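The structure appears right after this line, and notes come after that.
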Amino acid sequence: MTEMVTNEVPASNAYLEKMNKFWRAANYLSACQLYLLDNPLLKKPLTPEMIKKKIVGHWGTVPAQNFVFVHMNRLIKLYDLDLILLSGPGHGGNFFIANDYLDGSYSEIYPNISQDEAGMQKLFKQFSFPGGVPSHCAPETPGSIHEGGELGYSIAHACGAIFDNPDLIAATVVGDGEAETGPLATSWQCNKFINPITDGVVLPILNLNGYKIANPTIFGRMSHQELVDFFHGCGWEPYFVEGDDPMTMHRLMADTMDTVIARIKEIQAHARQQNDATRTVWPMVILRTPKGWTGPKVVDGKRIEGNFLAHQVPIAMDKPEHLQLLSDWLHSYHAEELFDETGKLLPELRALAPEGDRRIGMNPHANGGILYRELRLPDFRDYAFDIGNHGEKDSQDTQNLGPYIRDIFKLNDDAKNFRIFSPDENNSNRFQAVFDVENRDWNVQATAEDDHLSPSGRVMDSMLSEHMCEGWLEGYLLTGRHGFFDTYEAFSRIVDSMAAQHAKWLKVCNQLPWRHSIASLNLMMCSTVWQQDHNGFTHQDPGFMDHMANKNADVVRIFLPPDTNCLLATMDTCLRTQNFVNVIIASKHPRPQWLSMEEAVKHCTQGIGIWDWASNDQGQNPDIVFACAGETPTLEALAAVSILRKELPELKIRFINVVDLFKLLPQTEHPHGLTDVEYDMLFTKDKPVIFNFHGYPKLVHELTYHRHNNRLMHVCGYREEGTITTPFDVRVQNNVDRFHLVRSALKRLPNLGNRGAYLFQKMNDKLVEHKQYIHDKGVDLPEVSQWKWED
């Protein structure tokens, strides 16, 4: 019988010997995933037919991450920890798969990858193989909430995961190459937003292996004292584990981690017993190991282990002699000492891994839909704005939305599963109402003059970083909670790639039945291209829509509510959805209000519709169609229609407003799209369409490319013209103003004779008058600011 070895403090040498064997098993499985198609236990000599023809993946960061994983297993079992692991380096998803396989998680989720020789062969073949699994810690990887395909977001995701999760530890391996990215550099400040009473713990483990894909790393070449000074300055206490001898490193890591966990428990006990949320100095680990640790030492006369050449595939298999090198390397792990004849991990090694949901691969926080609770929402109709007549009153859409958001905080105060994320823009975006019941999260020095700062605040707008806000929200959602991100439209481009990565994650999750649904990622653009009174050209860019419009149709939605009541209806819908990325373009400035709540609910439910009160075609075939999407384009399109109806009353005009942008796509291309019949009933097949659009005109052309009347559609939109100027002048510069719209309509309407020519000249005169007036007065024409829709 195998002698039982006790997991204790300090770890016994016998226990560390078994941990080293578990580590060897993980390294073996990780290396074989790169190379092998057959012969998984090396019972036969390797032949070229057993090797993958195209070897894709990474090795350099894998052994150190396996090392971390086995030590996290020890901590979970010893201290009964609720712990998830995030892999920041991104590459080397084979390490996570290997450990999931060793503790049984992988086979539970994927029964075809069984715990035997046949299952092991399938495990190896599928990795980075057509029809198989990706080389990163992808959604397919049990226990992963962070793919790391794009570097820099691991700590932000970890921090979002532990907000309002007081018992959770998010251990996060940070690659030293990753640490050079802007988002990760900023992430070291996340500790200023952690409340030791109500939040969990982010435990960064900075792995210094010294190299990126072809160059040394900055942190890897910094001295010990520089590293201490840097992290002390960021508010962390670094604990160092450095070396390359396996047993020496296991002893150092185990003792260090015992100290770190004791320190974490001490911090939490003091904070929670004394109700003291004062910011503390949290521990972190700096793990210095060779790149490609335990891998080939030299290949073709070049050093591999401890060098940048270990980053990807350490043996390229492009020479006959490489087969023996690979065989020697794989045999060095002595799989016969780790697995039985059937390919099953030896029981005494399997006993080192946690059980059930304590396994990293099966932790519910890493499959957040398991923990998901529906958000309690007030009835948005109770916050309706009384418009009077259409366009009679002005109001501010996001400001009117504020009380609705405030009451979401109130209704979910017990659950504490809702947060707002905004980079220093909550006030600017007019959500001040939330401060009636909630504060900003802030755990640094505060003064009496500060506005609603608190260590227990749950409005995340005290850090001016779009990356952090987006990353925090993603981590919060991935662990089963709710929220939204509001920012200036132009600077949503900063998180273009982050939102795209999340959309890709969701796309894959939708194909995995074991991944439970999570709350949608709701992104609100509140300070838009069309009014930047004191900012100007730098703050004018609506391109986030274009970027997201190209993502998977099953995931992305784009909404442009034209007024308060439509925004309320849209926001309520978005907060109820799961597994989407919802982009909402909303106004924060005073604007005419168009639809009653009843009308808004109907309009937003349909996503697109004819505004009969603004049309005069009386259901007949119109002479021209005016369409619009976005609050400012709607205003200008209605103004243009009012001019035409006054000057040319016999002209039959149909007015269409679009809230759900993907209604423009054919139903075959997007689940929200209209059929051709539905589309033609709205836009006609043969009448000119003037489409006034919030963003770049090409997007509408792309969406309507396959429609019957696409050649009759003239799209006005942002043309990259602007500066610090008046709101109306920006519209004029980009031809989305009422005067240009009327001219565009007249160009496309035949047989208008002298009246058409007169009106065309009148619009030219208005444009000249406007430009001169702006030059002389610096403000908009009085008739522009005073304009009201008249039925």
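On a predicted model such as this, the values are computed, not experimentally measured, just so you know.
Residues N657 and T634 bring a donor and an acceptor atom of their side chains to less than 3.5 Å of each other. Inspection of the D486 and S422 side chains reveals an N or O donor paired with an N or O acceptor under 3.5 Å. A donor atom on one side chain and an acceptor atom on the other are not found under 3.5 Å apart for T675 and Q667. At a cut-off of 3.5 Å, with distance as the only test, a side-chain donor of Q761 or D765 sits close to an acceptor on the other residue. S428 and Y488 share a donor-acceptor pair across their side chains, judged by distance under 3.5 Å alone. Looking only at atom types and distance, the side chain of T564 has a donor-acceptor partner in the side chain of Q593 under 3.5 Å away.
With ring centers used as reference points, W611 lies under 6.0 Å from H603. Between F739 and F728, the ring centre distance stays below 6.0 Å.
Between F484 and the choices Y476, F431, W472, Y404, the ring-ring contact (aromatic ring centres under 6.0 Å, His included) rule is met once, by F431. Each of F655, W594, W613 was evaluated against W789; a single residue qualifies, W613, per the ring-ring contact (aromatic ring centres under 6.0 Å, His included) test.
Between the N616 side chain and the L651 main chain, a donor and an acceptor come within less than 3.5 Å of each other. When atom types are taken as modelled, the side chain of T704 and the backbone of N710 share no donor-acceptor pair closer than 3.5 angstrom.
Few gaps surround NZ on K788; more than 12 heavy atoms of other groups in view lie less than 6.0 Å from it. Within a 6.0 Å radius of NZ in K504, other residues, nucleotides and ligands contribute 12 heavy atoms or fewer. Within 6.0 Å of the CG atom in N621, the count of heavy atoms belonging to other residues, nucleotides or ligands exceeds 12.
By the 6.0 Å and 45° rule, R743 stacks over the aromatic ring of F760.
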Check: residues 680-691 side-chain donor-acceptor pairs under 3.5 Å, at least two apart:
from : atom 1 : to   : atom 2 : distance (Å)
D680 : OD1    : H708 : ND1    : 3.4
D680 : OD2    : H708 : ND1    : 2.6
T684 : OG1    : K687 : N      : 3.1

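Sequence neighbours left out, the pairs with a member in residues 598-622 that pass salt bridge (Lys or Arg N to Asp or Glu O under 4.0 Å) are D617-R654.
By the side-chain hydrogen bond (donor to acceptor under 3.5 Å, both in side chains) test, D729 pairs with T725, Q733, H770, sequence neighbours left out.
Counting heavy atoms from C-beta on, the side chains of L575 and I408 come closer than 4.5 Å. No side-chain heavy atom of E631 sits under 4.5 Å from any side-chain heavy atom of P561.
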- Item | Evaluation steps, side-chain hydrogen bond (donor to acceptor under 3.5 Å, both in side chains), between D407 and Y383 | CA-CA 11 Å; D407 291 347; Y383 305 83; 2.5 Å; yes
